[in-house]
Amino acid sequence: MNAATAVEIVGRAARSRIERVGDVAAFVADTARAARDVRTWGPEAAQQARRLGVDSLPIGVFIALFTGIVLALLASYTFTGAVPLYFVGTLVEKTITMELAPVLTGLALAGRVGANIAAELGTMRVTEQIDALETLGYDPFAFLVFPRALAGVVMFPVVVAAAMIAGVGAGWVASIALLDVSSPEFVKGIRLFFEEFDVRYGLVKSASFGLAVTLIGCRQGLGARGGAQGVGGAATSAVVYSAVAILVLDAFWAIVWLLGHTP
Amino acid sequence: MKKRPDFIVGLTVLVTLVALVSSVLWMQQSDPTRRRQRVVAQFQDVGNARVGNSAVIRGVRAGRIQGIELADDGAVLVHLSLERGAQLPQDPVVLLNESSLFGEWQATIMERAALPRDESVQRQIAANVAAGNIPGATLPDIAKLTAVAGQIAGDVAEVAGRVDVAFDASAAVELRSSIRNFAVLSSTLAKTVTEHATDLDTISTQLQGAVRSLNQTAQTTMLLANRVDSSMTSGELRRLISDLSAAAAELRATTSTLSGMSKQLAGTQDRLDSFLGNGDSVLAKINAGQGTLGRLLNDSSLYVGSDSLVVALRGLIAEVRANPKRFFNLRVF
């Protein structure tokens with residue numbers, strides 16, 4: 001292998017990465033452009049919102065319930081003997097609202113919603129239904145991608161908000177029932193450091209998670225090749241990339257927004 | 001009937017939104033119906049007080065800090081939301097202070113008279129008096145107190161260092177010597193005091209006697225003065241003076257008499273001297289055994305003869321006593 005060949009290999013790899021980034025950028029741009037085609041995505045949006053959001057409420061609330069209980073017990077275990085127990089309320093509220101409800105719900109929905117979208121669109125791709133849509137003059141981005149992305153952005157915060165309420169409530173009940181914390185003490189702990197920013201931060205973060213999970217699912221599904229194996233790979237990739245994207249976005253918001261926030 | 005997805009989604013969104021907003025308002029202790037009373041307190045600095053911290057009256061939670069904003073004149077306005085039944089004390093002031101060691105602050109509403117006697121607090125209260133607003137002051141937090149304590153500790157350490165430099169080994173020896181000298185001085189002083197205590201008692205007693213004598217003298221003097229007064233008034237003084245003149249004249253006569261007697265005494269002395277001289281010469285002759293008396297005194301034979309004579313006389317007297325008729329034959333007729 002001469003030097004020219006080595007340089008060509010490096011150039012090809014770099015171009016491949018850049019092309020991938022370009023594909024993603026083009027995909028996002030096409031999705032944004034599809035927002036103009038309201039007639040196409042309008043009827044689909046509510047349907048997708050129900051599938052992605054309303055149908056995901058039980059799993060989101062279920063996760064939050066047990067997270068709240070465990071968090072209260074962990075806080076009590078940590079604070080015993082050193083810190084007043086009303087800080088259990090503070091810890092439960094802050095942690096559930098700002099971190100656990102958005103991230104855990106986002107990860108759960110990444111598996112449920114992301115895989116669902118990738119499998120559905122992948123199947124449509126490998127069965128050439130998308131090609132048929134294009135032939136009929138439908139923009140697949142307006143008909144398939146945008147309503148899902150919109151549903152993710154709108155309904156993820158709804159599910160996360162329900163998870164916040166359920167998580168804090170479960171922590172409250174667990175503190176009263178299982179710990180030596182009275183209801184006024186727990187409420188005092190919640191109110192002590194509560195800020196409206198906590199909720200806003202969690203909801204905005206969850207909206208970004210919804211966008212990322214749906215876009216990744218759509219991208220993986222539309223990019224599926226081959227038969228069932230390609231669809232399965234697309235679903236797996238969608239879940240993995242969605243989970244990674246959620247964690248990256250979580251860190252991004254913490255650095256960009258939380259770090260600069262002054263209570 | 002199968003519900004349309006729009007309805008379900010809308011219902012879900014609305015319910016979640018209402019629940020979320022209600023929860024936030026509840027946790028923020030918001031007052032959308034404006035049933036709470038609101039007061040504004042003015043501060044120069046609010047420390048670490050935050051929106052949501054408790055407002056306390058006489059130790060009871062009566063509301064919360066609703067808002068904090070910067071005023072135009074460099075002050076900070078703190079809006080307090082108090083429960084409707086909460087009564088403010090007369091002449092109220094607001095004190096921002098830490099309520100626990102975990103960063104929790106509270107606004108304590110109290111009477112101005114109950115403020116801590118701290119110069120900084122009083123100064124802040126005086127500076128924050130504004131129309132319509134309650135004056136407020138902020139107590140330093142634990143961090144500031146710790147910083148001040150650290151500064152004090154540093155100062156103490158510096159002073160200790162200086163003392164350490166100034167108070168070296170020689171200073172310690174000198175101090176020890178001084179203490180020892182002082183102990184000796186103290187014991188000496190104590191001994192002196194003990195020894196002189198009796199003297200002082202004596203002096204005191206004598207002094208008391210002297211005072212008593214002085215009192216008596218004063219009384220006597222008073223009597224004398226009274227007498228003099230009475231003498232002055234009754235004309236006895238003239239008589240006394242005349243008596244004194246007569247006494248002086250008699251004294252002069254007596255003096256002249258004494259002078260004459262003195263001259264006579266001088267002559268008598270001369271005669272006595274010559275008499276003693278004659279006596280000395282007579283005694284010298286007697287000692288030398290010259291003359292009858294000299295021989296009588298210096299010749300033992302005469303003494304022996306006399307002694308035997310006396311013995312004979314004693315025998316004779318005894319015989320006379322024993323037999324007087326032998327020697328005396330008294331006949332009247």
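It should be emphasised that the depicted structure is a prediction, and the values quoted were computed from it without experimental measurement. We name chains A, B, ... by the order of the sequence lines, and we start the count at 1 in each one.
- Only the side chain of Val199(A) comes within less than 4.5 Å of a heavy atom of chain B; its backbone N, CA, C and O stay farther away.
- Within a 6.0 Å radius of CZ in Arg58(B), no more than 12 heavy atoms belonging to other residues, nucleotides or ligands are found.
- More than 12 heavy atoms of other residues, nucleotides or ligands shown are found within 6.0 angstrom of CG on Asn181(B).
- A 6.0 Å sphere centred on CZ of Arg36(A) holds no more than 12 heavy atoms belonging to other residues, nucleotides or ligands.
- Of all heavy-atom pairs spanning Ala161(A) and Thr16(B), the tightest one is CB-CG2, 3.5 Å.
- Of the inter-residue distances, the one linking Ser54(B) atom OG with Lys188(A) atom NZ reads 7.0 Å to the nearest 0.5 angstrom.
- Residues Leu203(A) and Leu20(B) form a side-chain contact, since some pair of their non-hydrogen atoms from C-beta on lies under 4.5 Å apart.
- When each of Asn53(B), Thr12(B), Leu11(B) is scored by its heavy-atom pairs under 4.5 Å with chain A, the top score falls to Thr12(B).
- Shortest non-hydrogen contact noted between Val9(B) and Arg50(A) is CG2-N, 3.3 Å.
- Nearest heavy atoms, Phe194(A) versus Val24(B): CE2-O, 3.7 Å.
- Here the closest non-hydrogen pair linking Met27(B) and Glu93(A) is SD-CG, 4.0 Å.
- Heavy atoms from other residues, nucleotides or ligands lying under 6.0 Å from CD of Gln87(B) number 12 at most.
- Atom CD of Glu119(B) has 12 or fewer heavy atoms from other residues, nucleotides or ligands within 6.0 Å.
- Heavy-atom contacts from other residues, nucleotides or ligands closer than 6.0 Å to CZ of Phe197(A) number more than 12.
- Residue Ser99(B) holds its OG atom at 7.5 Å from CG of Leu192(A), rounded to the nearest 0.5 Å.
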